[in-house]
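Just below is one structure, and these are the notes that go with it.
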Amino acid sequence: MRKFGRLALFVIALYVLQTSLLPMIAYRGISPDLMLLVTVSFAFLRGVRQGGLMGFSVGLLQDLASGTFLGINAFTRMLLGMFFGRFSDRVFKEQFFLPVTASITAIIANYFILALLMVLLGYRFNLVSSLQTMLIPMLIYQLAFAYPVHRFTYELDKKLSEKEKH
Amino acid sequence: MSNRVRKDKDSHRKLWAVLFVIVSLFCIIFFAARGRFQAPVSSKAALLVLSPFQQAVSWVGSQVSHVTGSIWEIVTVHEQNRMLRNEVEQLRVQNLEASEALAENERLRTLLGYRQMMTQFDMVGARVIGRDSATWSSVIIIDRGQKDGVNTDMTVVTEKGLVGHILEAGWNTSKVQLILDPRSSVGTLVQRAESRVAGIVQGDLDNPTMPQMVNIPKNADVVEGDVIVTSGFGGTYPKGIVVGLVSSLQNDSGGLLKIGLLEPAVDFQKLEDVMVITESREAPPEPIKPPAQTPGTETDPVAQAAAAKAADSAEENPQ
């Protein structure tokens, strides 16, 4: 239970950081997506089940708190958490290169799933210009923040697993 | 062996559970977007839990940006002063013309017996405490809620123009849907007296910083640089709030309509303080007063203000 509390606090802290402080460094309204980074890092460390669960709860928090289309973040984050969780038993946990580069794949996948949902919801947009204005700044931000977020998640995960063993 | 079978069964069950969750989420997305489904209490609860953290962190952030802003201002003060002086010169000329027009307007109104209707707004000031990355929707969180009299669908403005409306009011915080959001649509007019063309301003997914005015007929009198104000149609937004300037016009893909890209009046990248219009009512006009000038500067036209005041009282007295 305490483990859950700590994780929840960590996620809430990151969410607050993302919504209250990071918009100050936003480029044309686009700021880094820490929630996606947490999901990917956690999935790499903990596997499909917990990765998916983390993605779902983080996405739901974001949907409820931010007032965007309800459910879209829960949906994409859960899928991505489960997908990246598949790799968890194939990489060393101490290895940081893969999770960090995976965040790029994650943001691209996230972008396209959301774009597909938007089209299904009936919103039309020009994919090429949207790619330029949204995806490229997002990619740069994600790359910059991927390492610190993964590092934090890794340390927290290590502490939590140590407690589990005792 | 038995272990294996159990595992298979287990994974089957898990697969079904996951599929169920995915499909139901998919349904929720669509029902919610069509307005058929709302997360009843949970969304307010999330707002309530997050609000103290968001308020604290955004307070720290605003202090930091205040400090850096002050430093920058000190550095650029000379240049700024020069520009402001220029602007004061221009504005003074404009001001003179405006007061002339105002006086004329007043005279003509009394001549016509036109009942002057000015809307007066009751407003609540609010601070922006949260904002999600503007990718597919643009919503901000402000630090006022139902306890301050803020409710769903109220209009949110700054002194420069329209910001959006309240999407959902929590107890002490609310979500504001910006006019940049693709879900938002505002009934608008061209402000220019010869034109008064009506259109709808919607958020644009292609360019999340500029909304677009749609449904303009192809031969309508809209040119670049026109000021767009709210029309009051639809009832959510009161009439006459500035939305933005037309920065460019494009042809709609259908061929019969034009689309105007708007430069919003409000700088959405630097949104810190907003005001919520809690009530708007018709009110009698206030007597005309000269606008306040910065005292103590050499551009302070004391004499002019005094003259305007004298003219004002002279006009008021006969009535």
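Convention: sequence-line order gives letters A, B, ...; per-chain numbering from 1. Quick note: numbers below take in every heavy atom, side chains included, and nothing from hydrogens, waters or symmetry partners.
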Report summary line: Pair count under 4.5 Å, heavy atoms only, with chain A: among B:Val21, B:Leu205, B:Ile29, highest is B:Ile29
Report task. Applying side-chain hydrogen bond (donor to acceptor under 3.5 Å, both in side chains), run through A:Ser20 and B:Ser58 and close with a yes or a no. Result -> CA-CA 5 Å; A:Ser20 300; B:Ser58 82; 5.3 Å; no
Query raised in the report: If you draw a 6.0 Å radius around CZ in A:Phe152, do more than 12 non-hydrogen atoms from other residues or ligands fall strictly inside?
Result: no
Query raised in the report: If you draw a 6.0 Å radius around CZ in A:Arg49, do more than 12 non-hydrogen atoms from other residues or ligands fall strictly inside?
Result: no
**Report entry** Distance-only polar pair, side chains of B:Ser51 and B:Thr173, donor-acceptor under 3.5 Å
**Finding:**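 No.
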Query raised in the report: Got a salt bridge between A:Glu155 and A:Arg151, using NZ or NE/NH1/NH2 to carboxylate O under 4.0 Å?
Result: yes
**Report entry** Salt-bridge criterion met for A:Arg6 and A:Asp157 (N-O under 4.0 Å)
**Finding:**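 Looking at A:Asp157 together with A:Arg6, the answer is no, because their closest N to O distance does not fall below 4.0 Å.
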Report task. Examine whether an atom of A:Leu120 lies under 4.5 Å from a heavy atom of chain B, and if so say whether it belongs to the side chain, the backbone or both; otherwise answer neither. Result -> both
Query raised in the report: Which bit of A:Tyr141 comes within less than 4.5 Å of chain B, counting heavy atoms only: side chain, backbone, both or neither?
Result: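 No part of it gets close to chain B.
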Considering only heavy atoms, which portion of [X] lies under 4.5 Å from any heavy atom of chain A: side chain, backbone, both, or neither?
{"X": "B:Val18", "value": "both"}
{"X": "B:Leu47", "value": "side chain"}
{"X": "B:Ile22", "value": "both"}
{"X": "B:Ile141", "value": "side chain"}

Counting distance only, does the side-chain N/O of [X] pair as donor-acceptor with the main-chain N or O of [Y] below 3.5 Å?
{"X": "B:Asn172", "Y": "B:Gly145", "value": "no"}
{"X": "B:Glu168", "Y": "B:Lys175", "value": "no"}
{"X": "B:Asp181", "Y": "B:Ser138", "value": "yes"}

Report task. Could you tell me if the ring centre of A:Phe75 sits under 6.0 Å from that of A:Phe69? Result -> no
Query raised in the report: How would you list, in number order, the residues of residues 53-62 of chain A that have a heavy atom less than 4.5 Å from chain B?
Result: A:Phe56, A:Leu61, A:Gln62
**Report entry** For chain B, the option from A:Gly52, A:Ala115, A:Ala13 that forms the most heavy-atom pairs under 4.5 Å
**Finding:** A:Ala115
